[in-house]
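Here is the structure we will look at, set down as structure tokens.
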Number of protein chains: 2
Amino acid sequence: MAGVRQFDEGLALDKALALFWQKGYAATSMQELAAATGVQRGSLYNAYGDKETLFLRVFDLYRERFVGQMREALDKPRLRDALRGFFGCVIASMTTSMASGMPTRGCLSTKTAVGTEDLEGPLRAALKALLDDIEQVLFERLSREGEQAPLALPPRQAARLIVTFTRGLVVVERVYQDEKRLRATADNLIAVLLGPQ
Amino acid sequence: MAGVRQFDEGLALDKALALFWQKGYAATSMQELAAATGVQRGSLYNAYGDKETLFLRVFDLYRERFVGQMREALDKPRLRDALRGFFGCVIASMTTSMASGMPTRGCLSTKTAVGTEDLEGPLRAALKALLDDIEQVLFERLSREGEQAPLALPPRQAARLIVTFTRGLVVVERVYQDEKRLRATADNLIAVLLGPQ
DNA sequence: GTCAAGATTGACGAAGGTGTCAATCATCGG
DNA sequence: CCGATGATTGACACCTTCGTCAATCTTGAC
């Protein structure tokens with residue numbers, strides 16, 4: 001076939017992800033996406049149709065990577081360490097800025113969930129999918145056999161509590177911009193779930 | 001003095017609050033504010049200078065009312081009931097829609113915190129003030145003397161955990177739109193903080 | 001080498017945003 | 001009743017946005 005894509009799609013989606021992550025779905029314009037990816041606006045429209053479709057494509061990338069990282073972080077023998085790793089990962093994912101001096105990038109899914117006027121259709125479905133995935137990854141680790149640490153809640157409920165809590169961390173990060181505070185609060189959640197020490 | 005304000009400021013700020021709450025700070029335009037309040041755009045600029053200043057005025061209203069409600073909800077003899085009332089109040093504040101069929105309005109402070117590109121200056125300070133207030137109200141109730149229920153964390157840390165968690169509830173509400181789920185998750189947090197039953 | 005499928009390009013229209021300003025109007029003090 | 005103070009009004013300038021489209025260029029297939 002002739003008429004082949006001129007730009008490197010993988011690269012472009014990576015750049016788009018970085019920008020969406022930094023600015024959020026609603027606040028990112030196609031102009032900026034064009035500038036960031038090096039692909040002309042018209043080409044983006046031709047390739048993806050519209051902003052939402054492009055975003056969904058990018059968001060899938062994000063979900064895969066994010067959930068993968070969470071799964072890895074949770075894969076430790078002692079549950080307490082696993083949860084510490086998990087929260088460390090969540091916190092790092094939003095506070096790690098690409099260059100020093102830049103504002104932290106926060107959380108793409110939360111920005112999208114809260115910053116979109118009426119969240120419906122594919123966008124909401126994609127967010128649900130992400131939160132469901134994180135819940136599932138947590139659930140699997142929490143219900144792993146041969147665990148000695150006693151959990152204060154049934155695994156499913158604990159997983160949901162943790163997912164909800166991580167969304168809260170994101171908001172607190174925006175407002176206080178204090179990583180230590182985030183870590184301390186996360187440690188406290190671990191403490192009430194698994195007991196002190 | 002002559003040249004007196006023609007519109008009822010209290011009424012206008014109420015309407016503005018409703019709109020900001022529904023749409024979030026960034027997504028609300030002065031046009032819409034003019035339409036909602038019945039005050040011409042030019043008059044709003046004349047009276048408040050710009051959108052941010054108007055918002056800060058409105059946000060103060062919001063903070064007072066919101067924190068007041070939380071304080072009331074927490075004023076119950078048994079701590080467990082107080083926290084149940086608190087979460088009920090938080091959940092109601094975002095899921096109660098003004099008219100049936102309308103989308104829920106969510107949480108103004110969270111929308112502002114997450115939906116604003118780089119959160120700095122007065123806006124961030126206002127958000128901090130709100131979260132600090134809620135934390136303080138919780139702290140006071142949690143450290144009330146003569147409390148029999150044993151708290152799994154020191155009051156300050158418990159208060160921060162709860163504040164962070166409530167921010168998470170907001171995000172989960174946006175995505176799942178399931179009030180029952182919110183209540184269940186909140187009950188689980190109470191359970192791990194105060195023990196089951 | 002030729003050709004056509006389809007990607008790219010840059011300009012375009014329409015819509016909506018913010019903030020400004022001169023002209024007009026309403027109101028209170030005297 | 002008059003005048004001045006300041007609110008109101010609607011048009012204005014300027015910017016950014018989205019999505020489209022005809023013209024142009026690239027490239028693989030034959």
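Lettering follows sequence order; numbering is per chain, from 1. In this text, all values refer to a predicted model and were calculated from it rather than measured experimentally.
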Quiz item: Are side-chain N/O atoms of B:Ser93 and B:Gln69 paired as donor and acceptor at under 3.5 Å?
Solution: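 Distance-only check fails for B:Ser93 and B:Gln69.
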Practice problem: Kindly give the cluster partners of A:Val114, where membership spreads through any ILVMFWY side chain lying under 4.5 Å from a current member. | Solution: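 Members alongside A:Val114: A:Val171, B:Val114, B:Val171.
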Self-check item: Aromatic ring proximity B:Phe165/B:Phe87, centre distance under 6.0 Å
Solution: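 Yes, they do, as the ring centres are separated by less than 6.0 Å.
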Practice problem: Run the numbers on A:Gln136 and A:Arg156 for side-chain hydrogen bond (donor to acceptor under 3.5 Å, both in side chains), then give the verdict. | Solution: CA-CA 8 Å; A:Gln136 190 56 26; A:Arg156 186 105 253 155; 2.9 Å; yes
Quiz item: For every nucleotide of nucleotides 8-18 of chain C, 5' to 3': is a protein heavy atom under 4.0 Å from its base (B), only from its sugar-phosphate (S), or from neither (-)?
Solution: BBSBB----SB
Self-check item: Spacing between A:Leu33 atom CG and D:dT16 atom C1', to the nearest angstrom
Solution: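 Computing the A:Leu33:CG to D:dT16:C1' distance gives 14 Å.
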Quiz prompt | salt bridge (charged side-chain N to carboxylate O under 4.0 Å, His left out) partners for A:Asp14, two or more places apart | solution =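 If we apply the salt bridge (charged side-chain N to carboxylate O under 4.0 Å, His left out) test to A:Asp14, skipping adjacent residues, the hits are A:Arg65.
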